[in-house]
Every structure is written in structure tokens, then in C-alpha cells.
Amino acid sequence: MQHRTYCAVAPWIKVGLWSSGLLGLAILGFALASLSLKVFAAQGGSTQASVDVKAALTPKVTAMELISDGSPQAESIAHAALLYASFWDTGDSTFARWALATGFIDRTLPEGRAQGITGPLEASKTFRAAVPDLSVTVEHLLVVGDRAVVRLRFNGHFTGVFGEQRGQGQKIDFRAVDMYRVREGFITDNWHLEDYQTLFSQLAAKAVTTGVKS
């Protein structure tokens, strides 16, 4: 007959090992959870954690007139619209990244502009090279269902370079209308119409041709 030899372990040692294992799992779980929240927040995702962080970001622009259907999501929709307007007003990409969903789509994409969040970031940088003091006013903000309609007014002075034109400080003052679809507090789709006729006529007035396209 074979005999097996057992190593007796004191009960208090067993309990200690078991408790240490649980503590280790708890610490690991907390670390992973913290890392996940940081990743979601950095991506501007639509998790509750990222929405909470976003809500703490105060828009730099307010609406002169706000009309809402009073729905439960109306406040978060208006917040997203004003964050995006604040991006155009300041050029700060933080506002754009917290206003736009990671899968954001420009439904009226201008020729030559990249799709997604990259598009407006590059467009803002290019336009601010021409109009460094650009500011934006939200004249009207209408919130209905999951949509926001925004009437924007852009102001500044053409003191930089746009294309082959160098500004001479002429006044820039034109309007645009945007319509956003907003889900879980983030803009997923954008349809926009700018008064380019007015803008380009203002840019051309007194402008000097550089001969070199920027």
C-alpha cells in the first residue's frame, strides 16, 4: 500500500494566503478600472465617465437665443453645440474633441477636407492663419429631438495669408448655419452651409496676391 505524505498548514496561514489573494485581485481590478476610464476620457468616448468629464467643460460661447423642445436630452444637445461653437471661437481643439463623437461624420464635406474630426481641426488652423482674431457668436440655437440647428456669425480681421492672398486688415463678417445630430451628448453628424460669397468677397477686398499658395 502506498502512503501519501501531507504537509499540514496552519489554519491561520491558509486564511492569510486567501485574504492576500483577494486583496491582490481587488488592487488589480481597481488599477484596470482606472486605466479604462483614462482611455475612454482621452478618446472622448460616450461612456458615462467621459460624459461626466465633458459636462465639467464649460463652453466659452453662449447662445443669444435658445429655443428648446424641453426634452430630457435637450440640455446635453445644447451643451455639445456650444462646445463646438467654442472650438471655432477659440481654436482650442479640446472643445472639438469633447463636442464630436469619435465616429463623427461631416455630411456636407467640402472638397479637399478630411473626413472625421481631423477635418474641422485642420480647417480651423488654416482659417486662423488668415484671421488670427477670429471670434464666433451663436445668434440662434434650436434644439428639437436629437438635432440642434445653430446660426453662427464669424468676425475678425484678415491680417494673415489665405491661399495666395495676404490680408491688409480688412474686416471679416459672415454667417453660417449648422445642423447637428447628437447622441449621448456627442455630435455624430454635421450638415453645414456657409455664406462663402460674402466671405470670399471680403477676403479679396484690398488683398495682395503673394504668388505663393499657402
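Index from 1, following the sequence. All values reported here derive from a predicted model rather than from experimental measurement.
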Evaluate the side-chain proximity of Leu152 to Asp178: yes if any heavy-atom separation is below 4.5 Å, no if none is. yes

Single-linkage hydrophobic cluster, 4.5 Å side-chain cutoff, Val150 and Tyr196 together: yes

Between CD1 of Ile187 and CG of Asp106, what distance do you get to the nearest 0.5 Å? 11.5 Å

Side chain Glu122, main chain Ala114, donor-acceptor under 3.5 Å: no

Work out which heavy atom in Leu83 is nearest to a heavy atom in Ala99; give both atom names and the distance. CB-CB, 3.8 Å

Do His140 and Ile67 have side-chain heavy atoms sitting under 4.5 Å apart? no

Note, Thr188 side chain near Val182 side chain (heavy atom, < 4.5 Å): no

Under the 3.5 angstrom rule, does the side chain of Thr108 hit a backbone N or O of His192 as a donor-acceptor pair? yes

Any donor-acceptor pair under 3.5 Å linking the side chain of Ser76 with the backbone of Gln73? yes

Would you mind reporting whether Met179 and Arg147 have side-chain heavy atoms less than 4.5 Å apart? yes

Checking side-chain contact (heavy atoms from CB on, under 4.5 Å) for the pair Ile172/Asn155: CA distance, chi angles, key distance, verdict? CA-CA 5 Å; Ile172 299 299; Asn155 282 277; over 6 Å; no

Side chains of Arg97 and Phe87, heavy atoms from C-beta outward: is any pair under 4.5 Å? no

Just wondering, more than 12 heavy atoms not from Glu139 lying within 6.0 Å of its CD? yes

Ala101 and Ile117 have their tightest heavy-atom pair at O-CD1, 3.6 Å

Listed by chain and number, what are the salt bridge (Lys or Arg N to Asp or Glu O under 4.0 Å) partners of Glu194, not counting sequence neighbours? none

Determine the minimum heavy-atom distance between Val136 and Ala85, stating which atoms define it. CB-O, 4.3 Å

So, for Tyr180 and Tyr84, is the gap between ring centers shorter than 6.0 Å? yes

Same cluster (ILVMFWY, side-chain, under 4.5 Å), Val177 and Leu142: yes

Gap separating the CG atom of Leu66 from the CD atom of Glu75, nearest 0.5 angstrom: 10.0 Å

Measure across Gly145 and Ile77 and return the closest heavy-atom pair with its distance rounded to 0.1 Å. O-CD1, 3.1 Å

Single-linkage hydrophobic cluster, 4.5 Å side-chain cutoff, Leu82 and Val149 together: no

Do Asp189 and Arg107 pass the salt bridge (Lys or Arg N to Asp or Glu O under 4.0 Å) test, and can you show the C-alpha distance, the side-chain angles, and the key distance before you say yes or no? CA-CA 7 Å; Asp189 305 79; Arg107 297 294 182 180; 2.7 Å; yes

Between Ala207 and Gln170 the two heavy atoms that sit nearest each other are N-NE2, 3.6 Å

When you check the gap from the basic side-chain N to the acidic O, do Glu65 and Arg151 get nearer than 4.0 Å? no

Is there a side-chain contact between Val138 and Val61 (heavy atoms, below 4.5 Å)? yes

Counting only N and O atoms by type, is there a donor-acceptor contact under 3.5 Å from the side chain of Asp69 to the main-chain atoms of Val144? no

Name the atoms and distances for all side-chain donor-acceptor pairs under 3.5 Å in residues 197-206, with sequence neighbours left out.
from, atom 1, to, atom 2, distance (Å)
Thr198, OG1, Asp195, OD1, 3.3
Thr198, OG1, Asp195, OD2, 2.6
Ser201, OG, Gln197, O, 3.2
Ser201, OG, Thr198, O, 2.7
Gln202, OE1, Asp173, N, 2.8
Gln202, NE2, Asp173, O, 2.9

Which distance, rounded to the nearest 0.5 Å, do you find between the CZ of Arg128 and the CG of Leu134? 4.5 Å

What are the two closest non-hydrogen atoms of Ala74 and Ser68, and how far apart are they? CB-OG, 3.2 Å

Gap between atom CH2 of Trp191 and atom CD1 of Ile105 - 0.5 Å precision: 9.0 Å

Atom OG1 in Thr159, atom CG in Asp133: separation rounded to 0.5 Å? 6.0 Å

Ser86 side chain to Lys60 backbone, donor-acceptor under 3.5 Å: yes

If I take atom CZ from residue Phe104 and atom OG1 from residue Thr118, how far apart are they, to the nearest 0.5 angstrom? 10.5 Å

Under a 4.5 Å cut-off applied to non-hydrogen side-chain atoms, are Trp88 and Phe154 in contact? yes

Is the shortest heavy-atom distance from the side chain of Gln168 to the side chain of Val208 under 4.5 Å? yes

